[in-house]
Trainee: 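I have a structure I would like to understand better, so I am pasting it below and will then ask my questions one at a time.
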Amino acid sequence: MLQRLAASKSRWRDTIMKTRRWIHSGEDSQTAQSYTARKNSWFSPTIFVLGFIPVFTFALGTWQMQRLQWKVALIDELQEKLHREPIILPKRVNLSVVPEFVYRRVLLRGRWDHKNSMLLGPRVREGSHGYHVVTPLIRSDGTTVLVDRGFIAKEFADANTFEREEAGEVEILGMLRTSHTRNSFTPDNKPAEGTWYWADIDAMADYAGGEAAHVQPVFVEQIYGGSSQDAASRLSKGIPLGRAASVDVRNAHLSYVITWFSLSAFTTAMLARLVLKRRAQNHPRPLPR
């Protein structure tokens, strides 16, 4: 009798344990089926910005590459013009075609109109502060053009003791130029006070006498082809020193190309890293036991 009771009690205990295990396993299964990992959205401001910047900067780099090719071609064209034989300007210069002859060398003969000289500046040459002397040149045909004779040190300009050269006829070699490009930081010229910050050729021609005095708004920069020792001597004596026969067109487009393409590559790498990280976060993971 006792043995049967013990066997019955053991069977009930096993039945209860199996029932408990079955219930817990069902709850775990339901929990596992109902669990959904939190996913990060692919449409976030960070991803949008990092997706836009590489495309935008790559487009800017491509545009700067085209600008670089254009600037190199322009400089080559100007260099070719500069090395052509000098020309003699006609009596009446067609102003509409002057931009096509920029950097062309020209031969001029005439006498200086020193009383209408202008100081253009301030300017800096090899660390020395000073001005450029712009003097009308009255040609033998009676017409006048403006000539930038070159640089003088500030002390000669302030004392008005720079060399004006003799009053007879002179022959100079120069290159045709147009008005300077004025930026937003350049002050206004004050012709009444004799103050010229930038080369406004039309205003300078009017200051020198204008149409009534047969002054044409044509601007020539005198070329200096001597040695460096002679240049130093001229500067020390207050003799205007002309410019070198070279093309001084600024070309910084290569640095812009490198900057924009580098930024595009860097932001592309950042975007790829963010996408891989977001993908790993959204990948389903087993529940911890």
Side-chain angles (χ1 to χ4, degrees), residues 70-114 116-121 123 125-126 130-152 162-166 168-181 196 198-202 204-205 208 214-235 239-251:
W70 167 79
K71 185 60 70 71
V72 170
L74 174 63
I75 293 175
D76 289 343
E77 178 185 351
L78 296 178
Q79 290 280 11
E80 190 272 334
K81 287 182 179 180
L82 183 61
H83 289 90
R84 293 180 186 176
E85 288 296 318
I87 60 176
I88 297 177
L89 294 179
K91 180 177 181 179
R92 299 298 302 177
V93 178
N94 185 354
L95 301 179
S96 63
V97 301
V98 168
E100 300 176 13
F101 287 84
V102 170
Y103 284 99
R104 280 298 303 268
R105 291 185 298 165
V106 295
L107 280 174
L108 298 175
R109 292 184 181 88
R111 52 187 176 84
W112 297 115
D113 180 14
H114 291 298
N116 286 316
S117 289
M118 294 159 271
L119 294 178
L120 180 64
R123 296 289 187 267
R125 181 187 177 97
E126 298 178 355
Y131 294 83
H132 280 217
V133 178
V134 178
T135 304
L137 182 70
I138 304 173
R139 299 192 292 169
S140 56
D141 57 18
T143 62
T144 301
V145 296
L146 303 173
V147 178
D148 182 349
R149 296 172 56 200
F151 179 86
I152 59 170
F162 60 90
E163 177 64 45
R164 286 168 170 78
E165 296 188 8
E166 54 191 47
E169 187 176 77
V170 296
E171 178 179 292
I172 67 166
L173 176 66
M175 65 173 68
L176 272 174
R177 298 301 303 270
T178 55
S179 289
H180 295 171
T181 301
W196 301 90
W198 59 287
D200 184 350
I201 298 176
D202 290 330
M204 286 180 162
H214 307 291
V215 180
Q216 302 181 74
V218 177
F219 195 73
V220 176
E221 292 181 345
Q222 187 171 354
I223 295 174
Y224 172 75
S227 64
S228 57
Q229 291 81 3
D230 183 45
S233 175
R234 290 174 66 92
L235 288 174
I239 303 175
L241 182 64
R243 59 162 298 160
S246 61
V247 175
D248 55 1
V249 177
R250 183 172 178 267
N251 185 10

Trainee: If you look at every heavy atom in Ala199 and Phe219, which pair is closest and at what distance?
Mentor: CB-CZ, 4.3 Å
Trainee: Only one of Leu119, Val134, Leu120 clears side chain to side chain contact (heavy atoms under 4.5 Å, CB included) with Trp196; which?
Mentor: Leu120
Trainee: Verify side chain to side chain contact (heavy atoms under 4.5 Å, CB included) between Val72 and Trp70, making sure each step is shown before the conclusion.
Mentor: CA-CA 6 Å; Val72 170; Trp70 167 79; over 6 Å; no
Trainee: Can you measure from CG (Leu78) to OH (Tyr103) and round to the nearest 0.5 angstrom?
Mentor: 6.5 Å
Trainee: Is the backbone of Val93 close enough, under 3.5 Å, to the side chain of Gln216 for a donor and an acceptor to pair up by distance?
Mentor: yes
Trainee: List the atom of Val133, the atom of Pro240, and the distance in Å for their closest heavy-atom pair.
Mentor: CG2-CG, 4.2 Å
Trainee: Take Val106 and Phe101, measure what side chain to side chain contact (heavy atoms under 4.5 Å, CB included) needs, and give me the verdict at the end.
Mentor: CA-CA 10 Å; Val106 295; Phe101 287 84; over 6 Å; no
Trainee: OG/Ser233 to CG/Leu235 distance, rounded to the nearest 0.5 angstrom?
Mentor: 9.0 Å
Trainee: What's the spacing between Trp112 CH2 and Thr135 OG1 if we round to 0.5 Å?
Mentor: 6.0 Å
Trainee: Determine the minimum heavy-atom distance between Glu169 and Ser140, stating which atoms define it.
Mentor: OE2-CB, 4.2 Å
Trainee: Output every pair passing side chain to side chain donor-acceptor pair (under 3.5 Å) with a member in residues 74-83, not counting sequence neighbours, ordered by first then second residue.
Mentor: Glu80-Arg84
Trainee: Quick check against the 3.5 Å criterion: does Arg139 have a side-chain atom that pairs as donor or acceptor with the backbone of Lys91?
Mentor: yes
Trainee: Suppose we screen for side-chain contact (heavy atoms from CB on, under 4.5 Å). Which residues come up paired with Ile239, at least two apart in sequence or across chains?
Mentor: Glu163, Arg234, Lys237
Trainee: Output yes when a side-chain donor or acceptor of Tyr131 lies under 3.5 Å from a complementary backbone atom of Ile152, and no otherwise.
Mentor: no
Trainee: Does a side-chain heavy-atom distance below 4.5 Å link Val170 with Leu137?
Mentor: yes
Trainee: More than 12 non-hydrogen atoms from neighbouring residues, nucleotides or ligands closer than 6.0 Å to CD on Glu85, yes or no?
Mentor: no
Trainee: Can you tell me how far apart CG (Leu146) and CG (Asp113) are? Round to the nearest 0.5 Å.
Mentor: 10.0 Å
Trainee: Would you say that Ile223 contacts Arg105 through its side chain, given a criterion of any heavy-atom pair below 4.5 Å between the two side chains?
Mentor: yes
Trainee: State the CD1-OH distance between Ile172 and Tyr224, to the nearest 0.5 angstrom.
Mentor: 15.5 Å
Trainee: If you round to the nearest 0.5 Å, how far is CZ of Arg111 from OG1 of Thr144?
Mentor: 8.0 Å
Trainee: Using the side chain to side chain contact (heavy atoms under 4.5 Å, CB included) rule, pick out the option among Ile201, Leu108, Leu176 that qualifies with Val218.
Mentor: Leu176
Trainee: Could you tell me if the side chain of Pro86 sits less than 4.5 Å from the side chain of Leu173, heavy atoms only?
Mentor: yes
Trainee: For Pro217 and Asp202, which heavy atoms make the closest approach, and how far apart are they?
Mentor: CB-OD1, 3.4 Å
Trainee: Looking at Thr178 and Pro99, what are the two nearest heavy atoms and their distance?
Mentor: CG2-CA, 4.4 Å
Trainee: Quick one: which of Arg177, His132, Gln222, Arg243 gives a side chain to side chain donor-acceptor pair (under 3.5 Å) with Asp148?
Mentor: His132
